[in-house]
Amino acid sequence: MYLRLVDGGIPTFECKLKRVEISHSEKEFEKTSTKKKFEYIEDPDSNLDLYRLILRKLPNKPGCLVLTKVDKNNKMIILDVFKSEFDLREEFKYSKKQFIGKEIDRYSWLKQLSKEKGVREIRFLIGKVA
């Protein structure tokens, strides 16, 4: 049996960041110019919305889901193959994953993977029997 991977229109997961202004103390403000300084931090609302969108796009029927990570050189590496005999969406949503000795939910797992050095995105591909 061969498994053919199909892009089912499921969005990729990339940890979203938001730009926030760094506040200065009055001493720092007097010493530096009036330019504002910013930093990028994780945007939990956008990340959760993206995860929910991914879940809505997963088929709610039996099937096979292949999760891959894509690095900076566009090399795809298979992370996980998830199979379901009943409802792929629900079983993926409620499944747990071992990560560094702890059992965590899929959302936390995806966030951790997307923060790894060199990872550009996490792709979701549907497996079809060929």
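Source: prediction; values computed, not measured. We're numbering straight along the sequence, starting at 1.
- The NZ atom of Lys93 sits 6.5 Å away from the CG atom of Leu55 when rounded to the nearest 0.5 Å.
- Alongside Tyr40, the hydrophobic cluster contains Leu17 (criterion: ILVMFWY side chains under 4.5 Å).
- Separating the CD1 atom in Ile104 from the CD atom in Gln98 is a distance of 9.0 Å, to the nearest 0.5 Å.
- Applying the salt bridge (Lys or Arg N to Asp or Glu O under 4.0 Å) criterion to Asp80, with sequence neighbours excluded, gives Lys97, Arg106.
- Taking Lys69 as the reference, Ile77, Leu79, Glu116, Val119, Ile122 meet the side chain to side chain contact (heavy atoms under 4.5 Å, CB included) condition, with sequence neighbours excluded.
- A 6.0 Å sphere centred on CD of Glu85 holds no more than 12 heavy atoms belonging to other residues, nucleotides or ligands.
- Distance OG1/Thr12 to CG/Leu67: 11.5 Å, rounded to 0.5 Å.
- Here Lys115 pairs with Glu42 under the side-chain hydrogen bond (donor to acceptor under 3.5 Å, both in side chains) rule; sequence neighbours left out.
- Residues satisfying the side chain to side chain contact (heavy atoms under 4.5 Å, CB included) test with Pro59, not counting sequence neighbours, are Lys61, Leu88, Ile126.
- Partners of Ser84 under the side-chain hydrogen bond (donor to acceptor under 3.5 Å, both in side chains) rule, at least two apart in sequence or in another chain, are Glu91.
- With sequence neighbours left out, the ring-ring contact (aromatic ring centres under 6.0 Å, His included) criterion links Phe124 to no other residue.
- For Tyr51, the ring-ring contact (aromatic ring centres under 6.0 Å, His included) partners two or more places apart in sequence, or in a different chain, are Tyr107.
- For the pair Met76 and Val70, the tightest heavy-atom approach, listed with the atom from each and the gap, is CG-CG2, 3.6 Å.
- Residues satisfying the side-chain hydrogen bond (donor to acceptor under 3.5 Å, both in side chains) criterion with Asp105, sequence neighbours excluded, are Ser108.
- Every residue meeting the side-chain hydrogen bond (donor to acceptor under 3.5 Å, both in side chains) condition with Arg120, not counting sequence neighbours, appears here in chain and number order: Asn74.
- In this structure, Pro11 and Leu53 approach most closely via the heavy-atom pair CG-CD2, 3.7 Å.
- Under a 4.5 Å side-chain heavy-atom criterion applied to ILVMFWY residues, the cluster that includes Val20 comprises Ile41 as well.
- Closest non-hydrogen pair, Ile78 versus Val66, comes out as CG2-CG1, 4.1 Å.
- Formation of a donor-acceptor pair under 3.5 Å by the Ser46 side chain with backbone atoms of Asp43 is not found in this model.
- Linking ILVMFWY side-chain heavy atoms closer than 4.5 Å, directly or via other members, places Leu65 and Trp109 in a single hydrophobic cluster.
- In plain terms, the two heavy atoms of Cys64 and Val81 that are nearest each other are SG-CG1, 3.7 Å.
- To the nearest 0.5 Å, atom CG of residue Leu58 and atom CZ of residue Arg89 are 7.0 Å apart.
- Not counting sequence neighbours, the partners of Gln112 by the side chain to side chain contact (heavy atoms under 4.5 Å, CB included) test are Phe99.
- Leu48 CG: more than 12 foreign heavy atoms inside a 6.0 Å radius.
- Interatomic distance, CD1 of Ile54 versus CZ of Arg52, reported as 12.5 Å (0.5 Å rounding).
- Side-chain atoms of Asp71 do not come within 3.5 Å of backbone N or O of Gly118 as any donor-acceptor pair.
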